[in-house]
Number of protein chains: 4
Amino acid sequence: MNSFSDRQKEVIDVSIKIIAKKGIQQLTIKNISKSLGISEPAIYRHFESKIDILLAILSNFKEMTKDSIERLQLINLSAIQKIESLFMNHFKNFTKNPELASVIFSEEIFQNDIRLSTQVLEIMKYNQEAMLGLIEKAQRNNDIKTNIPREQLSLIIIGGLRIIITKWRLSNYSFDLEKEGTDLWKAIHKLIAP
Amino acid sequence: MNSFSDRQKEVIDVSIKIIAKKGIQQLTIKNISKSLGISEPAIYRHFESKIDILLAILSNFKEMTKDSIERLQLINLSAIQKIESLFMNHFKNFTKNPELASVIFSEEIFQNDIRLSTQVLEIMKYNQEAMLGLIEKAQRNNDIKTNIPREQLSLIIIGGLRIIITKWRLSNYSFDLEKEGTDLWKAIHKLIAP
Amino acid sequence: MNSFSDRQKEVIDVSIKIIAKKGIQQLTIKNISKSLGISEPAIYRHFESKIDILLAILSNFKEMTKDSIERLQLINLSAIQKIESLFMNHFKNFTKNPELASVIFSEEIFQNDIRLSTQVLEIMKYNQEAMLGLIEKAQRNNDIKTNIPREQLSLIIIGGLRIIITKWRLSNYSFDLEKEGTDLWKAIHKLIAP
Amino acid sequence: MNSFSDRQKEVIDVSIKIIAKKGIQQLTIKNISKSLGISEPAIYRHFESKIDILLAILSNFKEMTKDSIERLQLINLSAIQKIESLFMNHFKNFTKNPELASVIFSEEIFQNDIRLSTQVLEIMKYNQEAMLGLIEKAQRNNDIKTNIPREQLSLIIIGGLRIIITKWRLSNYSFDLEKEGTDLWKAIHKLIAP
DNA sequence: AATGAATGAGATTTCATTCAT
DNA sequence: TATGAATGAAATCTCATTCAT
């Protein structure tokens, strides 16, 4: 799809790490190039501008999001199981890749450019629509209460997902995200089950 | 408690507005002074440094948070009613003061300085403890399911609160926050009611 | 009219000198600030951008041009004498201020920005219209041949003026501009007299 | 004489076009290579440095100038006819090749290097001497007034030539150069004829 | 309390050029 | 003959802050 060169992937990678560790304000061309051990102008062989680096990060997220949702659709699971899987996969992924957590839910970072914020909104929308679709199916299967509108159910599930990750991040990854995530899912599941 | 001068309050005010409208990267001494119609050095009569402005913003939030929670405790309401009130008050306040929404839940903004992030964590903690206390009481009153640990209930309630405000902000305040907030509360209430 | 501060005038001044001596490519903020003995950022207190410095130079030229033409109109001279005066004044001014010569007829310098080239064209137009008006009057007074269209006469006079200044400049100001200018005017006068 | 390779000629060509369209400041190795559809280092296979490209442009002009003057000398025309031919040929050539006009009379472009400005001065000198020689002959043939020194006549002719081309270029080639050139020549001819 | 002038540090970006392949 | 990757130098401009007034 979006075929980034090896160097481009490296740039994207260290950029995410820099944002995660030191915040967007420290994402400078100097810091990126220092991390890669090359000169500052060398970055411009691989990206036309700094904004393009941020766009590449988002483009990467978008692909990842789409892929994981599409893969999920193909699996032979019930809708409620797919919701659980979607929910829990986030924790697995972020545990493996904690930097991602800092960037993926930090809409503020991408506020200052229309192209960036458009991408962010599209990613959010994509996630929400997937969740809504699954909730609808699960309700039809009678695996989720039907007396609660799916829009609100979706907000509650995604809201829970986001806040636990935010807490984990702000606590400096000091608790076991997968364990706390499982507990949260159990609670949500108990609440929404008919 | 912290007694800010009139000018200091003005600085805090326009700073919040700038962050809300243009992001933290645009919060510069130049932009602040331009918004206030004074010169840049004049800012330094009122704040020793830029960090002090951000600390003042957070200090302000902290006071507001404490105040509203303390006031809530004094009112003659049941615990579940207090939770509802806490939940709904946010929407009222943000509808009146949309800029606040952009800053109050943007922890990323305050990531790059220990003094700042410490303040942010304290505010979060304060809110959570208040919520936990109320949930406990509501459970004792049998107004909330008791078979779900209050830690998870708290996450779900605050998570829902945060995500709806985030959506509202990213949508450029394009929907009726109070109405959507009411719908969300109804759903949560139905779910957590015994 | 355009009221430049003292510092702004200094910037304009050294900028003209730099262009004259080293060409437009050496007109850098660094060189300007070095010439003035201040730091580079200090320049930006006085001009918003480099383009604004160039615009100020042109704005200055425009004023000078307008002024000198307007002053000329008021003097009690015949049209042909005014043409001579216009012609010869250039040599006097440039002899006093040789750097001006390098910039005033270097349209190429101002090619890369629409605002700049617009200004250049306006200055040229202004000069040409003044010259056309004077030629017309002189022809009516029978001081200039009437069997030659004034458009061509204007081109010949201004063309002569420009080329002699160009030669003087490229020769590193190595000949007496006023003397050569007088000789040229004598020749032109002899040719265009009826 | 100077035998440029095909690639070198291409480089010279696009360089002239770039200078004409966007000014000398946009004549960068990057822009040259982009125009040619090759990589930047590839340019250095054909020219040792950027200055060498500019020198090649001037060297080309010099050859062209010499050629056309030498060819003119061989033709069986009177001196005044040769002057007319020299004058009018410029308009024909520039109409065919408008970019040339932007560069050939832009001495400022070549100001910042001694080797470049030396070349420019030589070309000018060559042209002037040819013109002076022709005027002298025409005066001896009694085709041009003899009471005007040929130095001034030369200035007037070449000055007229240059200014009309400058106007044409700054007007974005918006008028018929050959027609206006003819009108100008008629005027000059009428003036200088005995 | 406020300002005009200034600055050191640093940001993004461009440029001519080099080198290994 | 050509390219991908890289770089030192330098350009424009921004930022937080200081100081004399």
Side-chain angles (χ1 to χ4, degrees), chain A residues 5-8 10-11 24-34 36-54, chain B residues 5-8 10 25-34 36-54, chain C residues 5-8 10-11 24-34 36-54, chain D residues 5-8 24-34 36-54:
Chain A
S5 73
D6 285 1
R7 252 303 189 237
Q8 284 181 316
E10 284 181 332
V11 171
I24 188 76
Q25 313 230 42
Q26 288 302 309
L27 184 72
T28 64
I29 300 292
K30 190 177 214 157
N31 282 344
I32 295 172
S33 59
K34 215 189 287 170
L36 289 176
I38 60 178
S39 73
E40 295 173 52
I43 301 291
Y44 288 88
R45 279 275 144 201
H46 305 285
F47 287 98
E48 287 206 349
S49 72
K50 192 180 152 183
I51 284 271
D52 284 304
I53 298 175
L54 290 167
Chain B
S5 73
D6 284 3
R7 259 293 194 241
Q8 283 181 317
E10 283 182 336
Q25 314 232 40
Q26 289 300 310
L27 184 71
T28 63
I29 300 292
K30 190 179 199 173
N31 282 345
I32 295 171
S33 59
K34 212 190 290 169
L36 287 176
I38 61 177
S39 74
E40 296 170 55
I43 302 289
Y44 289 88
R45 281 276 141 200
H46 307 284
F47 287 98
E48 287 209 345
S49 73
K50 194 181 153 185
I51 284 270
D52 285 305
I53 298 176
L54 289 167
Chain C
S5 74
D6 285 1
R7 253 302 189 236
Q8 284 181 316
E10 285 181 332
V11 170
I24 188 75
Q25 313 231 41
Q26 289 301 310
L27 184 72
T28 63
I29 300 293
K30 188 177 215 157
N31 283 343
I32 295 172
S33 60
K34 217 189 287 172
L36 289 176
I38 59 177
S39 72
E40 295 174 51
I43 301 292
Y44 289 88
R45 278 276 144 202
H46 306 284
F47 287 97
E48 287 207 348
S49 72
K50 194 181 151 183
I51 283 271
D52 284 305
I53 297 175
L54 291 167
Chain D
S5 72
D6 285 2
R7 259 293 192 241
Q8 282 180 318
I24 188 72
Q25 314 230 41
Q26 290 299 310
L27 184 70
T28 63
I29 300 291
K30 190 178 198 172
N31 282 345
I32 296 172
S33 59
K34 214 191 288 172
L36 288 175
I38 61 176
S39 74
E40 294 170 57
I43 303 289
Y44 289 88
R45 282 276 141 200
H46 307 284
F47 288 99
E48 286 208 345
S49 74
K50 193 180 152 183
I51 284 271
D52 286 305
I53 298 175
L54 290 167

- request: Rounded off to whole Å, could you give me the CD-to-C1' distance for the D:Glu40 and F:dT7 pair?
  value: 13 Å

task: With the side chain of A:Ala42 defined as its heavy atoms from C-beta on, choose the nearest nucleotide among F:dA6, F:dT3, E:dT17.
output: F:dA6

task: Report the nucleotide, chosen from E:dC15, F:dA5, F:dA16, that has the shortest atom-to-atom distance to any side-chain atom of D:Thr28.
output: E:dC15

statement: Comparing nearest nucleotides in DNA chain F, the 5'-proximal residue of the pair A:Ser5, B:Ile51 is A:Ser5

query: Is there a side-chain contact between C:Lys50 and C:Ile32 (heavy atoms, below 4.5 Å)?
result: no

field: Proximity to the side chain of A:Pro41 - top-ranked nucleotide from E:dT13, E:dG8, E:dT14
entry: E:dT14

message: Regarding A:Ile53, tell me which of base, sugar-phosphate or nothing describes its non-hydrogen contacts under 4.0 Å with the strands shown.
response: nothing

- prompt: Is the distance from OP1 or OP2 of E:dC15 to the nearest side-chain N or O of D:Lys30 less than 4.0 Å?
  reply: no

query: Would you say C:His46 reaches E:dG4's phosphate, i.e. side-chain N/O to OP1/OP2 under 4.0 Å?
result: no

task: Just compare F:dT17, F:dA16, E:dT12 and give me whichever is closest to any side-chain atom of A:Tyr44.
output: E:dT12

Nearest to side-chain heavy atoms of C:Ser49, which nucleotide of E:dA6, F:dA6, F:dC13: F:dC13

- prompt: A:Ile29 side chain: which of F:dT12, E:dT12, E:dA6 is closest?
  reply: E:dT12

query: Between F:dA2, E:dA6, E:dT12, which nucleotide has the shortest distance from any of its atoms to the side chain of D:Arg45?
result: F:dA2

